[in-house]
Amino acid sequence: MEAQKPSVQPGQKAAKNKSNVPGIKNASWVILICAIVCVLLFIFWFGHDMHFDEDGHPQNLWGTVYKGGFIVPILQTLFLTVIVISVERWFALSAAKGKGNIAKFVANVKACLKKNDIAGAEELCKKQKGSVAAVVAAALVSYKEMDANTILTKEQKIANLQKQVEEATALEMPALQQNLPIVATLTTLGTLVGLLGTVMGMIKSFQALAQSGAPDSTELSTGISEALINTAFGIATGAFAVISYNFYTNKIDNLTYAIDEIGFSIVQTFAATH
């Protein structure tokens, strides 16, 4: 006798190979576009003649920022990249969360499982959408297949069900965490690049002080401006990146806990009722 094979509905195979989390897949384009925007902004806005007097001294904050030197557009690129990726992750994780409250959704699915109402649980997944609902829906499909299977032992059915939950979870997790490693890298990189600009500015300041006779006040002020502007951008980039990374990591952890909880409940329900 041939073993009974789990049925696959049309379209299920494609769904299993694609995450339900939207988002930017190639962040290198984000960095490149941010770099172009920041360089053009640095040259044509911060460096515009209207921000300087006839002697080249800055007349406002924009001109002072321009005096920060070539490190400034690099830091601005890093800072803008953090902002863009943070906004992108907000929309991506909002879509991954689904339409309703996750805790309420998990509780409702567990209630349906206790009543052995698989159809009701599937209807909840259709309404909720998102990553958690996608994992639950995939597990429920396997649940019904194992329930109808008369060949495999109970232990084999439970193992197959657990495997389905793990595969569905593994499909969603990389999409949830996508681009966050870049934010984590910018946490340190922004601070280090800002420190580099600070050191370069201080070198210029000391060179102005070391000149024979009266120090060149213009070079001295330029060096101090470069040091302070780069320090400010470096700290701002690092601080915003840390806040963004920790915030979204916490949101991903909450989604992961919900997936683990509901997956465990599905497996335990099957084991208790079969």
How long is the span from the OG1 atom in T77 to the CD1 atom in I33, to the nearest 0.5 Å? 12.0 Å
Does the side chain of Q76 reach to within under 4.5 Å of the side chain of F233, using non-hydrogen atoms? yes
Is there a side-chain contact between L195 and T191 (heavy atoms, below 4.5 Å)? no
Scan side-chain atoms only and decide if E172 and S131 contain a donor-acceptor pair under the 3.5 Å cut-off. yes
Got Q178 and K25 here, is their nearest side-chain heavy-atom distance under 4.5 Å? yes
Check whether L93 and W90 end up in the same hydrophobic cluster, where Ile, Leu, Val, Met, Phe, Trp and Tyr are linked by side-chain heavy atoms less than 4.5 Å apart. yes
Closer than 3.5 angstrom, by distance alone: can the side chain of N108 be matched with the main-chain N or O of K104 as a donor-acceptor pair? yes
Side chains of Q156 and M146: closer than 4.5 Å at any heavy-atom pair? no
To the nearest 0.5 Å, tell me how far L80 CG sits from I31 CD1. 11.0 Å
Counting distance only, does the side-chain N/O of T198 pair as donor-acceptor with the main-chain N or O of A227 below 3.5 Å? yes
Report yes or no: does R89 contribute a side-chain atom to a donor-acceptor pair with the main-chain N or O of V84 at less than 3.5 Å? no
Is it true that I235 and V82 fall in one hydrophobic cluster, defined by side-chain heavy atoms closer than 4.5 Å? no
Any donor-acceptor pair under 3.5 Å linking the side chain of N246 with the backbone of V242? yes
Y245 and S86: side-chain contact (heavy atoms from CB on, under 4.5 Å), yes or no, with the steps? CA-CA 8 Å; Y245 180 79; S86 297; over 6 Å; no
Main-chain N/O of G63 paired with N60 side-chain donor or acceptor, under 3.5 Å: yes
Within-4.5 Å side-chain heavy-atom neighbours: L124 and F105: yes
Side chains of K67 and F52: closer than 4.5 Å at any heavy-atom pair? yes
Applying side-chain contact (heavy atoms from CB on, under 4.5 Å), run through V109 and L113 and close with a yes or a no. CA-CA 6 Å; V109 171; L113 291 175; 4.2 Å; yes
Atom CG of L186 and atom CD1 of I85: how far apart are they, to the nearest 0.5 Å? 6.5 Å
Test item: F270 and I266 side chains (from C-beta on) under 4.5 Å apart, heavy atoms: no
Let me know which of V136, V135, I102 forms a side chain to side chain contact (heavy atoms under 4.5 Å, CB included) with I262. V136
Strictly distance-based, threshold 3.5 Å: is any side-chain N or O of Q268 a donor or acceptor partner for the main-chain N or O of S265? no
If you apply the rule side-chain contact (heavy atoms from CB on, under 4.5 Å), what do you find for L180 with I252, and how did you get there? CA-CA 11 Å; L180 282 184; I252 292 172; 3.3 Å; yes
Separation of N179 CG from N26 CG (nearest 0.5 Å): 9.0 Å
Side-chain heavy atoms of N230 within contact of L196, under 4.5 Å: no
Nearest 0.5 angstrom please: T81 OG1 to L32 CG, how far? 10.0 Å
Report the distance from atom OG1 of T249 to atom CD of Q177, rounding to the nearest 0.5 Å. 8.0 Å
Under 3.5 Å: donor-acceptor pair, side chain of E122, backbone of L140: no
Using 30° and 60° as the class boundaries, would you call the ring planes of F46 and F42 parallel, tilted or perpendicular? tilted
Using atom types as modelled and distance alone, determine if a side-chain donor or acceptor of S244 lies under 3.5 Å from a backbone N or O of F240. no
Under a 3.5 Å distance rule, please check whether K97 uses its side chain to pair with a backbone N or O of G100 as donor and acceptor. yes
Does V183 offer a backbone N or O that forms a donor-acceptor pair with the side chain of T187 under 3.5 Å? yes
Ring pair (Phe, Tyr, Trp, His ring centres under 6.0 Å) assessment of H51 paired with W45: CA-CA 9 Å; H51 301 311; W45 174 249; 4.8 Å; yes
